[in-house]
Amino acid sequence: MTTAPLLRVDGIRAVYGDTVALHGISLDIAHNEFFALLGPSGCGKTTLLRSIAGFETPAEGRIEVDGEDLLRMPAHKRPVNMMFQSYALFPHMSVEKNVAYGLESDGVGRAEIRSRVAEVMDVVGLGALAKRRPGQLSGGQRQRVALARAIVKRPKLLLLDEPLSALDRQVRSSMQLELKRLQHEVGLTFVVVTHDQEEAMSMADRIAVLRDGRLEQLATPQELYANPASRFVASFIGTANLLDGTATATGVEVPGFGVVDAAHALRAGSPATAVVRPEDVELSTDAATGLSGTVVDTYFLGGASTISIEVPGITAPILATVHGASRVARGDAVGVRFARAAAVARGAGAASVTGDAAATASADPATADAAQEEVSA
Amino acid sequence: MTETLQRPAPAARAGRVRLGLAPAPFLAPGMIYLIVFMAVPVGLLAFYTFFERGRFGGIVFEFTLDNWVKLFEPLYLGVILQSIALAGIVTLLALLIGYPMAYAIAGLSPKWRTVALVAVVLPFWTNFLIRTYAWILLLNNAGWVNQWLQGLGITDAPISMLYTPQAIVVGLLYMYLPLMVLPLYASLQQLDPSLREAATNLGATPWRAFRTVTFPLSLPGALTGCIFVFVPAMSNFVIPELIGGGKTIMIGNLVRDQFFEARDWPFGATLALLLTIFLVLVIVVQSAVSRRLTEGPRRG
């Protein structure tokens, strides 16, 4: 990050009719970085991506690539390639023709086109399918074609719009690894838009979390997880026990529960939420150490188990993660201790989500346990 | 039969479910109607072509091939070729005018799109004879067009426009242009906009994106439109009669004249059958080409 950034987004504001899609987003992306724009649908991440590609014109702000003003360039002249969510493969052209399209548009010589297409098809493992039409390919294969088509021009910046959302779970996790490998191999800068926090966490060097058109936090995955900047980030990234209360000098005072120790810079007396990750919840069987609760349920997930504990004074159960199978059973009384907690300010905007002490990134059990696997990894 | 309904055959191709005989009750009414009112008359027509004409119309059942031989007389061959040429010109003009129109309509906002589509089909709500008479009022020597041309000082004397082959082309084009615009619009409108964005993103100028992506993918719609225009244009006999003045006869007039004026039913039947066979062949070729064009977009 010592050199000048590759992409500089400065104060981008985008408006559709009377709704504001982006409220002045600013961020820098470094050369060779794998960057993720993460947020729920409607947060403005796709609008930002499309503004960079030139399919949307922001109302205000500046976008620069290597110091060049992108917004002054028509879309077809920008040194940026994009992989579309729907892949947008040309159905009337063979795989080979699809991949060659960008080079042909630039008037590259025929011999060079042939060698570069062959090379990139090898990189994504598509050599044998060159003559097929997109309609004859599987979802995973189409995704590779879309990727090959987007990287064959060696763009300064590769934009990926929900690159994995159309794939089923198994293909998705292998493609995650592959995208990461590819990024190292070809040495491009990737900007990926996703609503899937697991995807962003496993692939990206840095993540910008967007919410309602505002940048909520920009940090490495580790930092986002350990030190979320807001209650929203804490609940969106991974699984967290969120305990709403008031900031004190040493932590967060949770009504009916006590003080949760957490280092923070919040003003004492301001509304705050203690964030406790499930793996930071320590359980003891003697139930004598401070807090105690009752086991409501246990979920065995293979490498780890999640235990849900009802603690008096807190409405939603506390989630704890332990290695291997659970040694406690439903109905057991257990002691609960928080090894580590973070504290975040609870703004007026967070009012709608207060009341639930535990929030997971997704209600979908499949995603929830995927998040859990990552927690234990 | 119920079993076939519940369980799609595993061999069925993607997107297609084989239902065996199950659809029969749904197909039957339409099929019976088509067979009775299409296959039977065409069969009868084919039968008539091999017999002598009666003196006052009708058929005399004496076998002959004269009717088929007569087709190759220069007079009739000329009319047939002229019909193909006129219908071809009309189709080409309809494509050239209709494509930009359909393209523009597909690019409008949903509200204005509806307005434009209603405007396109509006003429169909008026009787076509009335609309054809309107053209006579426009095109005749004392008609509006000539009045304007002279009023604006572009010409001194009226130009005779009515009762020319050009007038027939104008009339047919006017009549069938909506049939070109609608299928073209449908195929352009359902094109995924991200395809054009992808082309642009890969460095294609707007013109190249149109030429290499939008246009080829709209070809099936264009072909459908061409058939929709060519088939009725080729067999139309009212417009050549009214606007063409009966001088430039098309095959439709010829068929009509054979039955009602010349009272030569067998030869009229031969001409009608020839027209039918020709148009069926055109449609078969069109659907084969169209299938080849759309082979790609099939999604698994």
Side-chain angles (χ1 to χ4, degrees), chain A residues 17 46 49-50 52-56 73-95 97-108 132-142 145-146 148-153 155 157-159 161-162 166, chain B residues 11-16 99 103 106-112 184 186-224 286-300:
Chain A
T46 300
L49 199 76
R50 291 175 59 82
I52 298 170
F55 304 135
E56 313 268 352
M73 282 182 224
H76 68 273
K77 293 209 173 123
R78 298 189 184 192
V80 162
N81 283 147
M82 176 158 167
M83 194 182 126
F84 289 76
Q85 181 171 14
S86 63
Y87 306 148
L89 298 178
F90 306 130
H92 56 303
M93 296 181 199
S94 66
V95 166
K97 277 276 171 200
N98 264 281
V99 177
Y101 191 87
L103 298 173
E104 282 171 1
S105 297
D106 286 1
V108 177
R132 298 253 190 111
R133 292 273 184 101
Q136 300 166 310
L137 302 179
S138 72
Q141 289 167 338
R142 273 185 220 158
V145 179
R149 191 177 69 174
I151 61 176
V152 74
K153 289 179 73 174
L157 192 62
L158 180 67
L159 310 174
D161 188 6
E162 301 275 4
Chain B
R13 262 199 282 164
R16 221 182 270 182
Y99 199 102
Y103 189 85
L108 292 174
S109 70
K111 193 181 101 192
W112 286 107
L184 263 175
S187 75
L188 284 167
Q189 197 262 328
Q190 71 183 16
L191 263 190
D192 182 357
S194 67
L195 289 175
R196 201 165 45 196
E197 286 176 357
T200 305
N201 182 255
L202 291 166
T205 57
W207 168 241
R208 179 172 147 82
F210 172 78
R211 196 167 44 81
T212 55
V213 176
T214 311
F215 181 69
L217 290 173
S218 67
L219 276 182
L223 268 177
T224 306
Q286 180 264 346
S287 65
V289 172
S290 179
R291 203 174 316 128
R292 244 181 54 92
L293 285 173
T294 44
E295 203 175 286
R298 197 193 306 130
R299 292 270 159 102

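For the numbers below, each heavy atom of this structure counts, side chains included, while hydrogens, waters and symmetry mates do not. Each chain gets a letter, A, B and so on, in the order the sequences are listed, and its residues count up from 1.
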- Message: Just to verify, what does A/Tyr87 make a ring-ring contact (aromatic ring centres under 6.0 Å, His included) with, not counting sequence neighbours?
- Response: none
- Message: Ignoring hydrogens, what is the shortest heavy-atom contact between B/Leu195 and A/Leu89? Give both atom names and the distance.
- Response: CD2-O, 3.2 Å
- So, the part of A/Gln85 with a heavy atom under 4.5 Å from chain B: the answer is neither
- Task: Check each atom of A/Lys77 against the heavy atoms of chain B and say whether the ones under 4.5 Å are side chain, backbone, both or neither.
- Result: neither
- Item | For B/Tyr99, ring-ring contact (aromatic ring centres under 6.0 Å, His included) partners two or more places apart | B/Phe210, B/Phe215
- Note on the structure: Value for CG (B/Asn201) from CZ (A/Phe55), rounded to nearest 0.5 Å, stands at 4.5 Å
- Task: Could you walk me through whether A/His76 and B/Arg208 pass side-chain contact (heavy atoms from CB on, under 4.5 Å), step by step?
- Result: CA-CA 11 Å; A/His76 68 273; B/Arg208 179 172 147 82; over 6 Å; no
- Heavy-atom distances under 4.5 Å only: say whether A/Met83 touches chain B with side chain, backbone, both or neither. neither
- Message: Using heavy-atom distances under 4.5 Å, tell me whether A/Tyr101 contacts chain B through its side chain, its backbone, both, or neither.
- Response: both
- Specify which of A/Ser138, A/Gly102, A/Ala150, A/Ala53 makes the most heavy-atom pairs with chain B at under 4.5 Å. A/Gly102
- Message: What part of A/Arg132 gets within 4.5 angstrom of chain B, counting heavy atoms only: side chain, backbone, both, or neither?
- Response: neither
- Evaluate the side-chain contact (heavy atoms from CB on, under 4.5 Å) criterion for residues A/Phe90 and B/Thr212: first the C-alpha distance (whole Å), next the side-chain angles of each, then the deciding distance (0.1 Å), finally the verdict. CA-CA 9 Å; A/Phe90 306 130; B/Thr212 55; over 6 Å; no
- Task: Working to the nearest 0.5 Å, report the span between NE2 of A/His92 and CG of B/Leu217.
- Result: 4.5 Å
- Query: Looking at A/Ser86 and B/Ser194, what are the two nearest heavy atoms and their distance?
  - Reply: OG-OG, 3.3 Å
